[in-house]
Each structure stands twice: as structure tokens, then as C-alpha cells.
Number of protein chains: 2
Amino acid sequence: MWKKEEVCSLLKDAVARREIVVLAAKCEIKYSGRAESYLGDGDRLIILKEDYSLLVHQPQGNAPVNYMKSGTIHSSFVEDGFLFLKCENLVQKEFLTIIMKKVYFFNSHKLNDSQKIVLQGNEADMANMIYKAPEIIEDGFKPVSQEEQTAYGFIDVLGTDKEDILTVVECKRYCADLAAVTQLRRYVERIMDAKGLKNVRGILAAPRITDNAKKMLEDWGYSFVSVIPPKYLAEYSKSQSKLDEY
Amino acid sequence: MWKKEEVCSLLKDAVARREIVVLAAKCEIKYSGRAESYLGDGDRLIILKEDYSLLVHQPQGNAPVNYMKSGTIHSSFVEDGFLFLKCENLVQKEFLTIIMKKVYFFNSHKLNDSQKIVLQGNEADMANMIYKAPEIIEDGFKPVSQEEQTAYGFIDVLGTDKEDILTVVECKRYCADLAAVTQLRRYVERIMDAKGLKNVRGILAAPRITDNAKKMLEDWGYSFVSVIPPKYLAEYSKSQSKLDEY
DNA sequence: GGGGAGAGATGCCGC
DNA sequence: GCGGCATTTCTCCCC
């Protein structure tokens with residue numbers, strides 16, 4: 001168990017040196033900002049980054065239970081035997097207070113990282129794939145150039161079918177839902193309005209679609225095409241020794 | 001600097017004891033699953049939780065740069081002087097490999113936390129507020145009972161106006177956008193279809209609305225009411241000593 | 001800086 | 001489990 005005065009001092013020094021701070025503590029947390037929250041006593045992991053963002057993690061779960069964004073101002077002090085960490089983001093009018101009762105461990109270190117993640121297989125890649133291989137959508141489908149695409153907003157792929165009818169394609173990398181259908185509908189209506197056309201087709205391209213969405217899609221005269229989103233990076237070996245798994 | 005063999009051993013023991021593990025390391029990360037990603041060498045914070053979820057954080061930013069969800073199987077070993085952490089989620093067909101070149105610090109501890117966060121000021125609270133004070137929407141607006149509300153799906157508030165016309169209210173706790181309008185439209189059309197009514201009103205209740213959304217809303221004959229989402233928890237003091245801020 | 005839309009979205013609740 | 005939807009969504013892009 002760490003002395004709170006010591007942790008308070010180490011915390012200030014670490015932040016001053018722009019180190020990342022990690023500590024585990026029994027604490028109580030209050031938040032007020034866009035919403036309000038209260039979290040009673042329990043053990044959590046507290047992370048304070050060099051950009052002054054703060055994360056609080058419970059021992060389970062993916063998402064932080066509380067957090068403050070970059071640019072927050074932090075202050076700490078010991079009062080009534082508790083270590084207080086007060087966090088203020090005046091720009092966003094958000095406030096968070098952590099009241100620590102016990103500190104289990106503390107660590108800080110300067111981390112240097114200039115790398116950015118390279119991520120592929122997203123919706124943009126899917127739209128590019130359709131540009132390069134339009135027959136995926138249907139026979140005779142011809143996309144217009146990518147430059148023209150942006151002229152009507154955020155439409156993924158705009159093209160013409162074999163009968164030269166203007167066709168809007170909306171891509172989803174996941175299972176298409178009702179919101180995807182209404183989005184497609186909005187784009188088709190926007191194009192009809194902008195171009196003064198009465199007949200514009202709408203196609204939803206996704207790996208799959210929910211039954212309700214399919215029904216709504218067909219009620220509106222649009223159609224669905226099953227397309228698997230691409231993955232470009234070389235797959236690294238998925239076969240490995242199963243020894244020592246835990 | 002920690003010895004990789006020692007970290008590997010500590011890691012296995014900590015996970016076996018269901019402790020949370022936190023370590024800072026210079027590493028390289030590969031991911032393959034719903035998408036594919038690569039992150040070159042840099043210093044990151046790696047967190048392995050008792051539910052076997054994994055988080056990788058860069059020294060800046062709110063969101064983890066890589067992660068694996070609860071239920072992942074982890075295995076670690078030292079090879080060619082590097083500490084490998086391989087993470088597999090067979091159910092979700094996701095795979096992540098961390099190749100650690102240096103380990104700056106390591107910590108683990110059993111954390112006990114049975115508390116759940118109490119969060120207020122969300123959309124549901126906003127709908128409840130309107131139920132209790134329907135005059136917020138407009139004079140003569142009467143919500144139907146909360147039981148009936150669920151009968152037609154996920155409509156926030158269903159009621160009648162002073163002329164007894166059925167009215168759908170969609171709440172947004174943030175600035176209403178185009179998607180909010182299409183969502184309202186979908187609900188109104190669903191109600192008209194289900195009840196065989198030709199005249200159903202739609203009201204969007206939110207703190208504010210974008211110009212484009214307002215235009216689309218009015219084009220469809222719906223209306224906007226400015227409503228501030230409620231905050232119930234007692235505000236704790238926002239005035240505090242500015243000493244020792246950092 | 002606001003608007004619009006994707007995200008390896010996540011998480012919650014409903015059926 | 002899937003479906004529908006909010007999220008202290010967050011992040012990026014583009015105007």
C-alpha cells in the first residue's frame with residue numbers, strides 16, 4: 001500500500017515530466033458535464049496520459065467507466081486521509097473528481113511513440129473495390145469518376161446501370177440495418193431533387209442485411225447486393241502453438 | 001528495463017490469479033479480424049484485464065489503438081530476444097500479436113469492484129421528463145401511457161396534440177442531425193402504417209438542430225422543439241482552489 | 001469550427 | 001442469439 005502523500009507528489013512530478021501515469025486504487029468517482037455520473041467505492045485502474053487525457057477502467061470490460069479528454073487540467077491533494085484528483089475541462093465544461101481511499105500501485109514512464117496505425121478493410125476500401133470491379137454490383141453497372149462522386153455529397157458510389165439509369169450505391173461493411181436503408185433513401189431523394197430526375201435507383205451493398213431492413217428496402221423499390229469487404233494486409237499466421245495459453 | 005523472461009513469467013502468474021496487468025513496452029502490433037491493422041515500433045501501455053480483455057494505449061489520445069474483447073485467449077513467450085503476446089478470439093475470429101522489444105515497467109494487482117456506474121442525463125431521462133411535463137413539447141400535448149409506448153417499437157414519446165392528432169416525439173440529447181430526422185420520419189411512417197392513419201405528427205425534441213436537418217424536417221411537415229436534457233444528480237462544487245493545477 | 005458519416009465502433013435492452 | 005438504438009459516443013474529413 002502506498003502513502004497518499006507520496007503518490008500525490010509522484011503524480012505531480014510525473015505529469016510535469018509529461019510521463020504517462022498508471023495507478024490502481026480503491027476510489028469513488030463523480031462526474032459532471034454532458035451528463036452526470038456517480039461510481040461508489042471500488043478498485044480501478046487510473047491512467048493519466050501526457051496529453052492530459054484521463055481514463056478510469058474497472059477490472060472488467062472494454063470501455064473506460066469514466067474519462068476526461070485531452071486538454072483537461074488536473075490537480076491533486078491529500079485531505080481527510082484521502083487522495084483527491086480533480087479534473088477540469090473548462091472548454092467542454094466537464095468536471096471529474098476521484099477520491100482515492102487506497103493506492104495499490106503507482107507507475108509512470110515517459111513513452112515515445114510517433115507511429116500511426118495503418119488500418120485497412122474499411123468502408124472506403126469497399127467503395128474502391130467496387131470502383132475497380134463494378135461487376136460486383138451487377139452486370140452493366142458503370143461507376144462515374146471519383147471526382148464527380150463528391151459533387152453530390154457523401155455518396156459512396158454513384159453510377160449508371162445497363163439501361164443508363166442513375167444508381168446510388170451505399171456500402172456497409174457490417175450487416176445493413178434500417179438506418180442504412182433510410183440513409184440510402186435520403187441520398188436517392190437528394191439526387192432526384194438535385195438532378196430533377198424521377199427515376200434513380202438505389203442499391204445497398206453489404207455482407208448481409210436484416211429482414212426488416214430488406215423489407216423496407218424492397219418496399220421502397222431499392223435492392224440489396226451481398227458484398228464482402230476487402231482485407232488487403234497480408235494475413236499473418238493464424239496457426240500457432242497452443243501451448244501456454246491462458 | 002525488465003528482463004523479458006521475467007515479465008513473461010510474471011504475466012502468466014498474474015493472469016492465472018485473475019489480476020489486472022499493466023505494462024509499458026516498446027512494441028510492434030499486428031491485428032487481423034474484422035479489419036487488418038499494423039502499428040510499427042513505439043512505446044505503449046498494455047492492459048490485460050481479469051476478463052481477458054486487452055487494451056493497448058498510445059501515450060496520447062482517448063481511445064485504445066488496439067484491443068481485444070473479453071474472452072480472448074492469451075499466450076506469451078520469448079523468442080529471438082522479443083517478448084511475444086499472442087491473443088486469439090476464436091469466436092470472433094480475431095487475432096492480435098504484440099512483439100515487445102523493451103519492457104519499461106510491469107505491474108499487476110487483484111482488483112475488486114462490484115459497483116456499477118450511475119449515469120443520468122441521458123435520452124431516457126429526457127423522455128421521462130417530457131412524460132412528466134408534457135407542456136415542454138407544446139400546449140395541449142398529452143403523452144400516452146409508457147406501456148403503450150413500447151407497442152410500436154422504440155418511439156421515445158407517443159402522444160396526442162390539443163386537436164387529438166397522434167404525435168411522435170423523438171428525443172436527442174445532442175444537436176439533432178439529418179439522421180435524427182430520417183429516424184423520426186421512419187417512426188411516423190411506421191405508426192401511420194400500423195394504425196392506418198393518414199395524419200400523424202412528428203416532433204423532434206433536442207437542444208438544437210443543424211440548418212440542413214431543420215430544412216428537411218420542415219420539408220416533411222415535422223417540427224422542432226428545443227429541449228435541454230435534464231441533469232438530476234446534485235452538482236458538486238465547481239469552485240475549487242486553483243493551486244497546484246497541472 | 002460545424003456538419004456529416006464511419007467505427008475492428010461498444011454497450012444495453014428487447015424479443 | 002439477433003435486432004434496434006443510444007453513446008459523456010469518438011474520430012476523421014471536408015466545407
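Across D:dT11 and C:dG11, the matching P atoms stand 16 Å from one another, rounded to whole Å. Taking the P atom of each, D:dA6 and C:dG6 are spaced 16 Å apart, rounded to whole Å. Of the C1' atoms belonging to D:dC5 and C:dA7, the separation is 15 Å, rounded to the nearest Å. For the C1' atom pair drawn from C:dA5 and D:dT7, the interatomic distance equals 16 Å after rounding to whole Å.
Here the closest non-hydrogen pair linking A:Met68 and A:Asn89 is CE-N, 3.9 Å.
Aromatic ring pairs are classed by plane angle as parallel below 30°, tilted from 30° to 60° and perpendicular above 60°; the pair A:Phe82 and A:Phe84 is tilted. Aromatic ring orientation, B:Tyr52 versus B:His74: tilted (interplanar angle from 30° to 60°).
Out of C:dG8, C:dG6, D:dC10, the shortest distance to the side chain of B:Asn66 is found at C:dG8.
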Can you give me the dot-bracket string for DNA chain D, 5' to 3', counting Watson-Crick and G-U wobble pairs with both distances under 3.5 Å, using [ ] for crossing pairs and | for partners on another strand? |||||||.|||||||
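Heavy atoms of A:Gln92 sit nowhere under 4.0 angstrom from any nucleic acid atom. Within 4.0 Å (heavy atoms only), B:Val91 reaches no atom of the nucleic acid at all. When heavy atoms are screened at a 4.0 angstrom cut-off, B:Asn212 is found touching the sugar-phosphate backbone but no base atom. Among the protein residues, A:Tyr174 comes within range of no part of the nucleic acid, since none of its heavy atoms lies under 4.0 Å from any strand.
Side-chain N/O atoms of B:Tyr31 and B:Glu94 include a donor and acceptor closer than 3.5 Å. B:Thr210 and B:Asn212 are not linked by any side-chain donor-acceptor pair at a separation below 3.5 angstrom, with hydrogens and angles left out of the test.
No N or O donor and acceptor, one from the side chain of B:Asn122 and one from the base of D:dT7, sit under 3.5 Å apart. With hydrogens and angles left out, the side chain of A:Glu123 and the base of C:dG6 share no donor-acceptor pair within 3.5 Å.
Remark: ring of A:Phe154 does not overlap the six-membered base ring of C:dG4 in a stacked fashion, as centroids less than 5.5 Å apart with planes less than 30° apart are not both met. By the criterion of a centre-to-centre distance under 5.5 Å and near-parallel planes under 30°, the ring of A:Tyr67 forms a stack with the base of D:dT8.
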Go through the steps to decide whether A:Tyr38 and B:Gln120 satisfy the test side chain to side chain contact (heavy atoms under 4.5 Å, CB included), and finish with yes or no. CA-CA 9 Å; A:Tyr38 175 73; B:Gln120 286 175 302; over 6 Å; no
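Taking for each of A:Arg208 and B:Gly61 the nucleotide of DNA chain D with the nearest heavy atom, the 5'-most of the two is the partner of A:Arg208.
No salt bridge links A:Lys215 with A:Asp211; every basic N to acidic carboxylate O contact stays at or beyond 4.0 Å.
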